[in-house]
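Lettering of chains follows the sequences in order, A, B, ..., and the numbering in each one begins at 1. Nothing here was measured: the structure is a model prediction, and the numbers come from that model.
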Amino acid sequence: MLDPRLFRTDLDFVKEQLNRRSFNFNPESYVELEARRKDVQVKTQELQNERNSRSKAIGQAKGKGEDVQPLLDQVQYLGDALKAAESELEGIQAEMETLMEGIPNILDEVVPEGKSEEFNLEISRWGDVPEFDFEPKDHVDLGAKLKGIDFELGAKIASSRFVVLSGPLARLQRALIQLMLDMHVAEHGYIETYVPFLANAESLRGTGQLPKFEADLFKASNDPVLYLIPTAEVPVTNRVRDVIVDAKELPLKYVCHSPCFRSEAGAYGRDVRGMIRQHQFEKVELVQIVRPEDSAQAHEDLTVHAENILKKLKLPYRKILLCAGDTGFSSSKTYDLEVWLPGQGSYREISSCSNFKDFQARRLQARWRNPETGKPELVHTLNGSGLAAGRALIAVMENYQDAEGRVRIPEALLPYMGGLEFIE
RNA sequence: GGAGAGAUGGCCGAGCGGCUGAAGGCGCUCCCCUGCUAAGGGAGUAUGGGCUUUAACUCCCAUCGAGGGUUCGAACCCCUCUCUCUCCGCCA
């Protein structure tokens with residue numbers, strides 16, 4: 001959620017910024033609603049004030065043993081007027097809330113303009129794209145040959161976009177997760193955390209998935225209402241919902257492995273082959289809660305932490321700064337890391353690292369006490385994949401394959417593979 | 001799942017339907033005294049919002065787990081829900 005004060009003081013700026021995202025914001029209807037809000041709120045509070053002071057007078061008169069009937073008669077008329085004003089105000093506030101919750105974050109000034117991914121800005125490339133003296137297979141063919149990836153079985157058990165991994169390839173995914181967790185804890189200073197994989201509506205609203213993106217979620221239960229998490233970002237960031245964090249505790253850095261569940265509504269026909277886009281996948285997520293002045297640097301650091309995993313695995317990748325149109329709803333600035341997939345002959349997203357600034361924090365009421373002011377102020381939140389394990393698995397498979405269709409285990413994963421050097 | 005108890009400010013803990021946004025204590029901050037690993041005295045110390053061109057102060061509104069209700073007036077009475085604790089049952 002954006003700062004309501006910004007809307008009142010600099011509506012032109014808001015409009016201009018939202019335009020960058022091609023977000024259709026109508027200032028006139030906002031101004032009209034805000035005027036009604038102000039009007040009705042002031043009126044309501046005046047009525048409440050009157051009721052309170054009159055009630056107090058009744059109490060005092062009663063205390064002195066005076067006849068309070070005349071005073072009671074005077075307040076009679078207040079009841080209905082107050083009730084009407086209160087419910088009108090409630091309606092307007094709900095309307096305002098709906099409006100505000102549907103408005104995306106303001107983009108960082110460095111975010112390039114552009115409506116679609118072709119305007120994304122490549123920041124850097126790392127690693128050498130491997131040269132094969134044979135035609136490299138993609139992970140689907142490799143996985144079938146190695147009898148370790150079975151999409152039909154996934155579809156039989158659940159539906160399309162589910163997969164079953166078996167044997168050394170299943171272990172390879174686990175090894176990747178272990179490596180990531182170990183590196184982020186030991187080398188990057190994150191606290192490992194384990195969280196619920198179902199989240200309530202309040203939590204999903206806090207991080208921005210609800211109310212606007214309910215169609216992307218799997219609802220797991222109606223009583224109580226719970227959704228399968230689309231990313232560990234949701235439960236982990238919600239650790240600080242309605243919390244005032246002590247300044248000394250910042251920054252908070254959490255790493256969390258979890259399965260992620262996405263309905264992929266609207267992705268029909270996209271990436272139907274292989275493990276690129278699944279309803280369920282494993283991911284190691286990095287989350288940081290920081291002081292506002294530190295978030296820009298934290299964003300750079302967090303992205304480097306994700307990059308370090310790719311470097312450790314010696315997987316070629318490039319770093320992309322997403323353009324205005326491609327940046328997510330809640331994010332103000334996002335770097336994507338794209339890993340080279342020889343089977344596809346292209347770079348594909350394996351990590352997305354975002355600075356949400358105070359957008360999530362405002363929804364979450366996640367604050368810290370600023371020692372300089374003594375007041376609670378909103379924190380900044382960030383997160384990034386470090387990395388998506390399913391995609392890391394296929395990246396390893398495709399980059400480390402040989403002419404016989406075997407997969408060599410990357411050196412960094414050897415300690416996690418029980419002596420196995422090749423999957424064949 | 002069954003039975004019972006509870007939910008108040010950073011913590012502990014009072015609270016009669018009206019003068020309680022909340023006694024008292026602890027903690028913390030500042031000041032005074034003292035002067036040295038003690039003690040004493042004083043002041044302050046919840047959050048969100050509104051009004052004000054902005055900000056601070058004053059002021060006003062809301063909040064004592066959440067949501068309804070009764071009432072001129074609710075932390076206090078009634079209802080529903082949530083959570084926590086104890087006991088029983090079940091259980092990876």
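- Atom CD in A:Glu90 sits about 14 Å away from atom P in B:rA62, given to the nearest Å.
- Note on A:Glu264 versus A:Arg161: no salt bridge recorded, every NZ/NE/NH1/NH2 to OD/OE distance being 4.0 Å or above.
- Comparing A:Glu377 and A:Leu72, the nucleotide of RNA chain B nearest to each residue sits closer to the 5' end for A:Glu377.
- A close approach under 4.0 Å does occur between a side-chain nitrogen or oxygen of A:Asn52 and OP1 or OP2 of B:rC61.
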Revision key, fill the gap. Encoded 5' to 3' (Watson-Crick or G-U under 3.5 Å; [ ] crossing; | other strand), RNA chain B becomes ((((((((.[[[..)..(.....]]]((((((.......))))))(((((........))))).[[[[[..)....]]]]])))))))....
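- Heavy atoms of A:Gln48 sit under 4.0 angstrom from primed sugar atoms or phosphate atoms, though from no base atom.
- Regarding A:Lys83, its NZ atom lies at a distance of 12 Å from the P atom of B:rG68, rounded to whole Å.
- Listed pair A:Arg54 / B:rU71 fails the phosphate criterion, with no side-chain N or O lying under 4.0 Å from OP1 or OP2.
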Using nucleotides 49-53 of chain B, report all nitrogen or oxygen pairs with the protein that are shorter than 3.5 Å.
{"from": "B:rG49", "atom 1": "O2'", "to": "A:Gln41", "atom 2": "NE2", "distance (Å)": "3.1"}
{"from": "B:rG49", "atom 1": "N2", "to": "A:Gln45", "atom 2": "OE1", "distance (Å)": "3.4"}
{"from": "B:rG50", "atom 1": "OP1", "to": "A:Arg8", "atom 2": "NH1", "distance (Å)": "2.7"}
{"from": "B:rG50", "atom 1": "OP1", "to": "A:Arg8", "atom 2": "NH2", "distance (Å)": "2.5"}
{"from": "B:rG50", "atom 1": "O4'", "to": "A:Gln41", "atom 2": "NE2", "distance (Å)": "3.2"}
{"from": "B:rG50", "atom 1": "O3'", "to": "A:Arg37", "atom 2": "NH2", "distance (Å)": "3.1"}
{"from": "B:rC51", "atom 1": "OP1", "to": "A:Arg37", "atom 2": "NH2", "distance (Å)": "3.4"}
{"from": "B:rU52", "atom 1": "OP2", "to": "A:Lys38", "atom 2": "NZ", "distance (Å)": "3.3"}

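- In this structure, of B:rU47, B:rG48, B:rC72, it is B:rC72 that holds the atom nearest to the side chain of A:Ser55.
- Salt bridge annotation for A:Asp108-A:Lys333: absent, with no cationic side-chain nitrogen under 4.0 angstrom from a carboxylate oxygen.
- The nucleotide whose nearest atom lies closest to any side-chain atom of A:Asn49 is, among B:rC72, B:rC61, B:rG48, B:rC61.
- The residue A:Pro376 sits close only to the backbone: its heavy atoms come under 4.0 Å of sugar-phosphate atoms, none of a base.
- By the side chain to side chain contact (heavy atoms under 4.5 Å, CB included) test, A:Asp326 is found to be paired with A:Glu117, A:Asn120, A:Leu322, A:Cys323, residues two or more places apart in sequence or in another chain being considered.
- Taking the six-membered ring where tryptophan is involved, the planes of A:Tyr30 and A:Phe25 are tilted, since the angle between them lies from 30° to 60°.
- Salt bridge annotation for A:Glu46-A:Lys43: absent, with no cationic side-chain nitrogen under 4.0 angstrom from a carboxylate oxygen.
- When all heavy atoms of A:Ala85 and A:Leu47 are compared, the pair lying nearest together is CB-CD1, 3.9 Å.
- Counting distance only, with no hydrogens placed and no angle test, the side-chain atoms of A:Lys56 and the base atoms of B:rG18 include no donor-acceptor pair under 3.5 Å.
- Salt-bridge check for A:Glu109 with A:Arg20: failed, with every basic side-chain N at 4.0 Å or more from each acidic carboxylate O.
- Look at A:Glu202 and A:Arg205 and you find a salt bridge, because one of the NZ, NE, NH1 or NH2 atoms lies within 4.0 Å of a carboxylate O, short of that distance.
- Rounded to the nearest Å, the gap between the P atom of B:rU80 and that of B:rA5 is 15 Å.
- In this structure a side-chain-to-backbone donor-acceptor pair under 3.5 Å is present from A:Glu398 to A:Gly343.
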